[in-house]
Structure formats: C-alpha cells, structure tokens
Q: 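Before anything else, here's the structure in question.
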Amino acid sequence: MEAPLPRAFFERSAPQVARDILGKTLALDGVSGRIVETEAYLSEGDLAAHSARGVTPRTRVIFGPPGHAYVYFIYGMYDCLNIVCEPEGVAGCVLIRALEPLTGLDRMRKRRPAARRDEDLANGPGKLTRALGIKITHNGSDLTRGPITVHSPEAAKGFQIATSTRIGITQSADLPLRFFIKDNPCVSRR
DNA sequence: AGTTCGATCGCCT
DNA sequence: GGCGATCGAACTG
C-alpha cells in the first residue's frame with residue numbers, strides 16, 4: 001500500500017474533495033474498501049451541515065485542520081465518518097457514504113452479519129463504519145498518520161461520476177452535493 | 001430539566 | 001413503503 005494522501009489533498013473545497021476522493025481506498029487495520037459514494041457539506045449557506053450553527057463540542061473538529069476524521073453518533077446506534085476539508089478555521093467536510101469492499105472481507109462479514117451479499121457490507125454510511133470498525137473514538141483522528149488512512153489505488157480504474165441531491169436531509173435539500181460512481185453496485189441508492 | 005429530532009438501518013407488511 | 005430501535009446534541013424555559 002502506498003503512502004496516505006497528503007494533507008494538501010484535503011485542504012480544498014468540500015465538493016472538490018468529494019469528487020476527487022471517489023475511487024480512492026479507505027483503510028483501517030487491514031480492512032479496506034474503494035470509496036464509491038460521498039456527500040459534501042459546505043462552510044457557508046448549507047443548513048444541513050452540522051457546522052452551520054457554529055463551533056460546539058461536537059462540531060469542533062470540522063473547524064480544525066483538514067485531513068482529520070469527523071465521526072458522529074446518530075440515531076442512537078450508528079457512527080458516520082466524515083473527512084474534514086478546507087484550511088484550518090474554515091468548516092466543510094465530506095461524508096463517506098459507501099465502499100466497495102477490497103480487503104478483509106472475512107472481518108467485514110463478522111461485523112456485519114445482516115449483510116446477505118458482499119455488496120451490502122459497506123453500502124451505507126452506518127454500514128461502512130461498522131464494517132471497518134470505525135467508532136466515535138476515532139473522532140479527530142489524523143488520516144495522514146493513521147490508523148485510518150486514504151490511499152490512491154495501485155491501478156486506477158476509469159469511471160463516470162454521477163451527481164444528485166443528498167440523502168436523508170430536510171434543510172438545504174436541493175443542493176447537488178452527492179457524488180457517486182455511476183453503475184457501481186455498492187452505491188447506497190441509484 | 002425536559003423535549004425534540006436526527007447526514008440510518010433492518011425488519012415488517 | 002412504513003416504522004421502531006435507541007440516545008446524544010442542541011434548543012427551550
């Protein structure tokens with residue numbers, strides 16, 4: 001596995017990072033997957049962003065330096081992984097919504113017994129954190145140092161990027177900030 | 001201190 | 001397609 005993506009990769013606008021990170025590899029402790037679906041959350045004019053109402057104990061890391069994990073606990077059961085973007089002091093992050101499993105499938109299956117097919121192991125934001133073992137304790141983790149890392153794949157595959165509105169939000173719901181690899185079977189929704 | 005509701009998932013009909 | 005699980009963050013008073 002090659003070196004993790006450098007901090008400069010993440011020190012850009014959230015929509016830019018959300019597009020460019022498609023096809024990259026997310027890894028933790030030998031378990032990894034190809035990022036096939038993301039959503040961008042903006043620093044300004046985005047009421048759906050957790051950072052929209054300023055710095056709180058929860059949203060603190062979103063305003064911190066880029067390339068760190070923002071992990072939050074939702075619906076009493078699920079952890080969701082975001083990657084902090086933009087220069088330090090500016091909010092903005094990318095929600096990782098789905099992975100195509102690459103390595104460590106046996107461990108993913110143990111952690112996700114409800115998944116009937118391998119495509120279902122990590123095809124949702126709550127599913128992929130469970131499949132990889134990502135929890136709230138990883139909040140603030142530096143992705144350029146690990147243990148959670150993002151890499152360019154050894155051999156890049158060609159793919160088309162599709163865009164849509166974001167899933168599961170009620171405010172700022174019309175912004176086209178969801179990005180996914182077209183026709184990939186591990187995307188959470190068409 | 002109490003209330004509301006959520007960037008979800010899986011099971012039920 | 002609908003809904004319950006399950007609990008913390010944020011807001012109200």
Side-chain angles (χ1 to χ4, degrees), chain A residues 10 13-19 21-22 26 33 35-64 66 68-86 90-101 107-141 143 148 150 161-181 184-190:
Chain A
F10 304 103
S13 77
Q16 267 184 322
V17 175
R19 283 180 153 272
I21 207 168
L22 290 175
L26 179 70
I35 299 172
V36 298
E37 179 181 348
T38 61
E39 284 177 0
Y41 288 83
L42 308 179
S43 59
E44 307 238 354
D46 183 1
L47 280 307
H50 289 175
S51 56
R53 278 176 280 286
V55 180
T56 68
R58 181 172 69 152
T59 63
R60 179 180 52 81
V61 309
I62 308 174
F63 293 85
H68 288 249
Y70 165 53
V71 183
Y72 67 91
F73 187 62
I74 189 71
Y75 295 115
M77 303 176 228
Y78 300 108
D79 299 282
C80 292
L81 170 69
N82 294 255
I83 300 179
V84 177
C85 302
E86 312 272 0
V90 181
C93 60
V94 170
L95 171 67
I96 308 300
R97 281 199 59 90
L99 302 177
E100 178 183 321
R107 293 168 68 193
M108 290 195 195
R109 293 188 194 106
K110 278 186 189 168
R111 291 166 172 160
R112 295 260 312 120
R116 307 290 308 260
R117 312 168 305 153
D118 286 348
E119 297 81 50
D120 298 327
L121 287 170
N123 62 342
K127 298 177 189 177
L128 74 90
T129 54
R130 189 150 303 175
L132 265 59
I134 295 171
K135 299 195 290 285
I136 192 70
T137 50
H138 293 104
N139 189 42
S141 172
L143 304 187
I148 304 171
V150 184
I161 297 177
T163 305
S164 78
T165 55
R166 295 172 293 183
I167 292 173
I169 58 169
T170 55
Q171 297 184 289
S172 299
D174 294 335
L175 300 177
L177 294 175
R178 173 173 175 253
F179 306 95
F180 57 98
I181 294 181
N184 186 283
C186 299
V187 165
S188 66
R189 299 192 206 178
R190 303 290 170 116

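In what follows, every chain begins at residue 1, and chains take the letters A, B, ... in the order their sequences are listed.
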Q: How many whole angstroms separate atom OH of A:Tyr75 from atom C1' of B:dG6?
A: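 About 4 Å, once rounded to whole Å.
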
Q: For A:Asp79 and B:dC9, what is the distance between atoms CG and C1' respectively, to the nearest whole Å?
A: 13 Å

Q: Rounded to whole Å, how long is the line connecting atom CD1 of A:Ile74 with atom C1' of C:dG8?
A: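 Those two atoms, CD1 and C1', are 9 Å apart.
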
Q: So does A:Ala91 get a backbone contact from the side chain of A:Ser51, meaning a donor-acceptor N/O pair under 3.5 Å?
A: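 No; judged by distance alone, with no hydrogens or angles, the pair does not exist.
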
Q: Okay, side chain of A:Glu37, backbone of A:Ser188: is any donor-acceptor separation there less than 3.5 Å?
A: yes

Q: Kindly say whether A:Ala98 contributes a backbone atom to a donor-acceptor pair with the side chain of A:Asn123 at under 3.5 angstrom?
A: no

Q: Which nucleotide wins on minimum distance to the side chain of A:Asn82, given the candidates B:dT8, C:dA10, B:dA7?
A: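 Nearest to the side chain of A:Asn82 among the choices is B:dA7.
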
Q: Rounded to the Å, how far apart are A:Ile167 CD1 and B:dC9 C1'?
A: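 Result: 13 Å.
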
Q: Can you measure A:Phe73 atom CZ to B:dC5 atom C1' for me and round it to whole angstrom units?
A: 15 Å

Q: Is a donor-acceptor pair below 3.5 Å formed from side chain A:Tyr72 to base C:dA9, judging by atom type as modelled?
A: no

Q: Distance check needed: B:dA7 P versus A:Phe180 CZ, whole Å only.
A: 20 Å

Q: Determine which nucleotide pairs with C:dT6, using a 3.5 Å limit on both distances of a Watson-Crick or G-U wobble pair.
A: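 Per the H-bond distance test, none.
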
Q: Determine if A:Tyr78 stacks with B:dT8; use a centre-to-centre distance below 5.5 Å and an interplanar angle below 30° as the criteria.
A: no

Q: Would you check if the side chain of A:Arg112 reaches a backbone N or O of A:Asp118 as a donor-acceptor pair within less than 3.5 Å?
A: no

Q: Please check if the number of heavy atoms outside A:Arg117 that lie under 6.0 Å from its CZ is greater than 12.
A: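 Enclosed.
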
Q: Are OP1 or OP2 of C:dA9 and a side-chain N or O of A:Thr56 less than 4.0 angstrom apart?
A: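 No, A:Thr56 has no side-chain N/O under 4.0 Å of OP1/OP2 on C:dA9.
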
Q: Using a strict heavy-atom distance below 4.0 Å, which residues from residues 110-125 of chain A are in contact with DNA chain B?
A: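 Listed by number, they are A:Arg112, A:Ala114, A:Gly124, A:Pro125.
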
Q: For the side chain of A:Pro57, counting heavy atoms from C-beta on, which of C:dT6, B:dA7, C:dA10 is nearest?
A: C:dA10

Q: Within the side chain of A:Glu39, is there an N or O that forms a donor-acceptor pair under 3.5 Å with the backbone of A:Ile167?
A: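 Yes, A:Glu39 side chain to A:Ile167 backbone: donor-acceptor pair under 3.5 Å.
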
Q: Within the structure shown, what part of the strands sits under 4.0 Å from A:Arg58 by heavy-atom distance: base, sugar-phosphate, or nothing?
A: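 It contacts sugar-phosphate atoms only.
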
Q: Would the distance check show the side chain of A:Arg178 and the main-chain N or O of A:Arg166 forming a donor-acceptor pair, the cut-off being under 3.5 Å?
A: no

Q: Is the ring of A:Tyr41 stacked on the base of B:dA7, with centres less than 5.5 Å apart and planes under 30° off?
A: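 Here A:Tyr41 meets both the 5.5 Å and the 30° conditions.
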
Q: Expressed as a whole number of angstroms, how long is the span from A:Lys135:NZ to C:dG8:C1'?
A: 18 Å

Q: Please determine which of A:Leu128, A:Val36, A:Ile181 meets the side-chain contact (heavy atoms from CB on, under 4.5 Å) test together with A:Cys186.
A: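 One option only clears the test, and that one is A:Val36.
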
Q: For the side chain of A:Cys93, counting heavy atoms from C-beta on, which of C:dA10, C:dA5, B:dA7 is nearest?
A: B:dA7

Q: Using atom CZ of A:Arg189 as one end and atom C1' of B:dA7 as the other, report the distance to the nearest whole Å.
A: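 Rounded to whole Å, this separation is 11 Å.
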
Q: Has A:Thr59 got a side-chain atom pairing as donor or acceptor with A:Gly54's backbone, closer than 3.5 angstrom?
A: yes

Q: I want to verify a distance call: between C:dA10, C:dT6, B:dG10, whose nearest atom is closest to the A:Lys127 side chain?
A: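 When the side chain of A:Lys127 is considered, B:dG10 is the closest of C:dA10, C:dT6, B:dG10.
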
Q: Tell me the partner of B:dA7, counting only Watson-Crick (N1-N3 plus N6-O4 or O6-N4) or G-U wobble (N1-O2 and O6-N3) with both under 3.5 Å; none if nothing fits.
A: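 Base-paired to nothing in any strand shown.
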
Q: Which residues in residues 43-53 of chain A have at least one heavy atom lying under 4.0 Å from any atom of DNA chain B?
A: A:Ala48, A:His50

Q: For A:Ser172 and A:Asp46, indicate whether the former's side chain and the latter's backbone hold a donor-acceptor pair under 3.5 Å.
A: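 Looks like no, no N/O pair under 3.5 Å.
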
